[in-house]
Amino acid sequence: MISKEELLECSVANFTTFGSKRFTMDELAHCLGISKKTIYKYYSSKEELVIASVTCLIDSFNENIKEIIAKEQDPLSCIILLYKRGFEYLKHFKPSFIFGLKKYYPEANKVFDDFRDEFVNEIIYGLLQKAQVFKFISSDVNIKLFCELYFKRFEEIAFKDNTLFDTYSNDELLNHFVIFSLKGIINSDYENPHFKKASF
């Protein structure tokens, strides 16, 4: 008998690869070598399974967020490491997965959108506030506006067309979307090994 965890793991892998709408429950059952009836013992509907899959992805990334924030004291280094890890997740998200959430599974899409908003508006914004208090970045920088222009904009681009992740390496994307942007607002006396690694 397959476990609920195994079912969820397989669902996440296939929904993100083929799309939450396109990959059917019949295909999932076949992939696992079980009957569709077995799936419905754990989840009452496909939408419930899609919501669980999105929540699973978010929970996994949230664990990474907690670990990085706990280990890294420098708030700007923390932002870079969070996005570096985030790009590893995004590489597995196909546009069809996001499109399927928006069009067919509004509750699952809300879970996903709420997480994206929290990540930029609370976590990244909070780290930038901390960096400003530490005088790592200029005091005249409007960090709320900075988040809107750079971090929110990147997410919109990435979720609409993830050929970015097929065309460019994670390091190139990290440099151009995160490190180069942050370099424009840091104080001249601030030193960070992550900035030295990037080629300007």
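We number each residue from 1, following the sequence as shown.
- Seen from the ring of Y42, K4 does not count as a face-on cation partner, given the 6.0 Å and 45° thresholds.
- Between D74 and E72 the shortest side-chain heavy-atom distance falls below 4.5 Å.
- Within a 6.0 Å sphere centred on CD of E9, heavy atoms belonging to other residues, nucleotides or ligands number 12 at most.
- Salt-bridge formation is detected for the pair R85/E88: a Lys NZ or Arg NE/NH1/NH2 atom is positioned less than 4.0 Å from an Asp or Glu carboxylate oxygen.
- When L173, D171, L174 are each tested for a side-chain contact (heavy atoms from CB on, under 4.5 Å) with I179, only one passes: L174.
- If you look at F119 and F151, their ring centroids are not closer than 6.0 Å.
- Residues passing the side chain to side chain donor-acceptor pair (under 3.5 Å) test with E148, sequence neighbours excluded: none.
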Should D114 and E118 be marked as a side chain to side chain contact (heavy atoms under 4.5 Å, CB included) after you check the CA-CA gap, both sets of side-chain angles, and the distance that decides it? CA-CA 6 Å; D114 286 349; E118 181 185 348; over 6 Å; no
Show your working on side chain to side chain contact (heavy atoms under 4.5 Å, CB included) between L82 and K84 and close with a plain yes or no. CA-CA 5 Å; L82 287 174; K84 186 174 183 178; over 6 Å; no
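- Within the 4.5 Å cutoff, side-chain heavy atoms of F115 are placed close to those of N62.
- At a threshold of 4.5 Å between non-hydrogen side-chain atoms, the residues L7 and T38 do not count as touching.
- Under the 4.5 Å side-chain criterion, counting only non-hydrogen atoms from C-beta, F136 is in contact with P75.
- Closest approach of V111 to T55, counting heavy atoms only: CG1-OG1, 4.0 Å.
- Here the CD1 atom belonging to I2 is positioned 5.0 Å from the CD atom belonging to E6, to the nearest 0.5 angstrom.
- Between Q73 and K130 the shortest heavy-atom distance is O-NZ, 3.9 Å.
- E63 CD to I68 CD1: the interatomic distance, rounded to the nearest 0.5 Å, is 11.5 Å.
- Closest approach of F15 and S53 over heavy atoms only: CD1-OG, 3.6 Å.
- Looking at K144, its side chain never comes within 3.5 Å of a backbone N or O of Y125 through a donor-acceptor pair.
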Determine whether E107 and K110 satisfy the following criterion, side chain to side chain contact (heavy atoms under 4.5 Å, CB included), listing intermediate values before the conclusion. CA-CA 5 Å; E107 287 185 39; K110 186 178 184 309; 5.7 Å; no
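- One N or O on the side chain of T16 and one on the backbone of V12 form a donor-acceptor pair closer than 3.5 Å.
- Residues forming a ring-ring contact (aromatic ring centres under 6.0 Å, His included) with H30 (at least two apart in sequence, or on another chain): none.
- Of all heavy-atom pairs spanning Y168 and E172, the tightest one is CA-OE1, 3.5 Å.
- Judged by distance alone, the side chain of K21 and the main-chain N or O of F99 form no donor-acceptor pair under 3.5 Å.
- Remark: the S45 side chain and the E48 side chain contain no N/O donor-acceptor pair separated by less than 3.5 Å.
- Side-chain atoms of N109 never come within 3.5 Å of backbone atoms of Y105 as a donor-acceptor pair (strictly under, hydrogens ignored).
- Under the 3.5 Å distance criterion, the side-chain polar atoms of N187 are left unmatched by any main-chain donor or acceptor of D189.
- The side-chain heavy atoms of C10 and L28, taken from C-beta on, include a pair separated by under 4.5 Å.
- For the side-chain contact (heavy atoms from CB on, under 4.5 Å) criterion with L76, the lone passing option out of L127, L81, L128, V178 is L128.
- Annotation: side chain of L8 is in contact with side chain of L49 (closest heavy-atom distance under 4.5 Å).
- Side-chain N/O atoms of S11 and Y43 include no donor and acceptor closer than 3.5 Å.
- Using a 4.0 Å cut-off between charged nitrogen and carboxylate oxygen, D113 and R116 count as a salt-bridge pair.
- The heavy-atom pair separating A29 from S35 by the smallest distance is CB-C, 3.9 Å.
- In this structure, V54 and A108 approach most closely via the heavy-atom pair CG1-O, 4.0 Å.
- You'll find the side chain of F23 stays beyond 4.5 Å of the side chain of T17, heavy atoms only.
- Formation of a donor-acceptor pair under 3.5 Å by the E27 side chain with backbone atoms of T24 is found in this model.
- Rounding to the nearest 0.5 Å places CG of N14 at 5.0 Å from SG of C31.
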Evaluation steps, side chain to side chain donor-acceptor pair (under 3.5 Å), between N170 and Y83: CA-CA 10 Å; N170 282 5; Y83 272 95; over 6 Å; no
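- Under a cut-off of 6.0 angstrom, the local environment of NZ in K41 is sparse, with at most 12 non-hydrogen atoms contributed by other residues, nucleotides or ligands.
- When side chains are defined from C-beta on, D117 does not count as touching E122, because their heavy atoms never get closer than 4.5 Å.
- For the atom pair CZ of F112 and CD1 of I51, the computed distance is 14.0 Å after rounding to the nearest 0.5 Å.
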Should S181 and F146 be marked as a side chain to side chain contact (heavy atoms under 4.5 Å, CB included) after you check the CA-CA gap, both sets of side-chain angles, and the distance that decides it? CA-CA 9 Å; S181 299; F146 185 81; 4.0 Å; yes
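- The CZ atom of F97 sits 14.5 Å away from the CZ atom of R22 when rounded to the nearest 0.5 Å.
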